[in-house]
Amino acid sequence: MMRTLILLLSFLAATATAGESRIFLKDRPGKNQVVAQCAMCHSLDYITEHAAVLDRAGWEKTVGKMINVMGAPINDADKRIIIDYLAQNYGK
């Protein structure tokens with residue numbers, strides 16, 4: 001019984017993380033705010049997946065949508081830092 005339980009838990013743990021990869025963002029000023037504010041609602045792979053198509057204006061629009069439409073609790077100071085980080089490091 002105990003062996004079956006351990007096998008079942010091992011299987012569940014393996015399938016729960018299947019296909020997930022850890023995203024490492026560039027270690028530059030603003031990274032901490034991006035990780036703290038953005039990862040509370042979605043995976044950070046959103047950033048790397050959109051880097052090829054979003055310029056500064058696109059990141060401004062995206063961050064604004066996260067705040068105004070989705071309700072992300074990001075203050076104005078952090079908003080500027082986040083947009084600067086994204087535009088400088090993940091903008092086209």
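Note: hydrogens, waters and symmetry copies are ignored here, and every other heavy atom, side chains too, is used. Because the structure is predicted, anything quoted here is derived from the model rather than measured.
- Sequence neighbours left out, the pairs with a member in residues 48-76 that pass ring-ring contact (aromatic ring centres under 6.0 Å, His included) are Y46-H50.
- At a threshold of 4.5 Å between non-hydrogen side-chain atoms, the residues T48 and L44 do not count as touching.
- A salt bridge (charged side-chain N to carboxylate O under 4.0 Å, His left out) check over residues 40-49, counting only residues at least two apart or in different chains, returns nothing.
- Here CD1 of I74 is found 11.0 Å from CD1 of I81. Values are rounded to the nearest 0.5 Å.
- Within a 6.0 Å sphere centred on NZ of K61, other residues, nucleotides and ligands contribute 12 heavy atoms or fewer.
- Between the CG atom of L54 and the CD atom of E60 there is a distance of 11.5 Å, given to the nearest 0.5 Å.
- Among residue pairs with one or both ends in residues 63-77, none qualify as salt bridge (charged side-chain N to carboxylate O under 4.0 Å, His left out); sequence neighbours excluded.
- The stretch residues 28-37 participates, sequence neighbours left out, in these side chain to side chain donor-acceptor pair (under 3.5 Å) pairs: R28-N89.
- Taken from CE in M70 to SG in C41, the straight-line distance is 7.5 Å, to the nearest 0.5 Å.
- Linking ILVMFWY residues whenever their side-chain heavy atoms come closer than 4.5 Å, directly or via other members, places L86 and V53 in the same cluster.
- Taking CD1 from I47 and CD1 from I82, the interatomic distance works out to 8.5 Å, rounded to the nearest 0.5 Å.
- Checked against side-chain hydrogen bond (donor to acceptor under 3.5 Å, both in side chains), D84 has the following partners two or more places apart in sequence or in another chain: R56.
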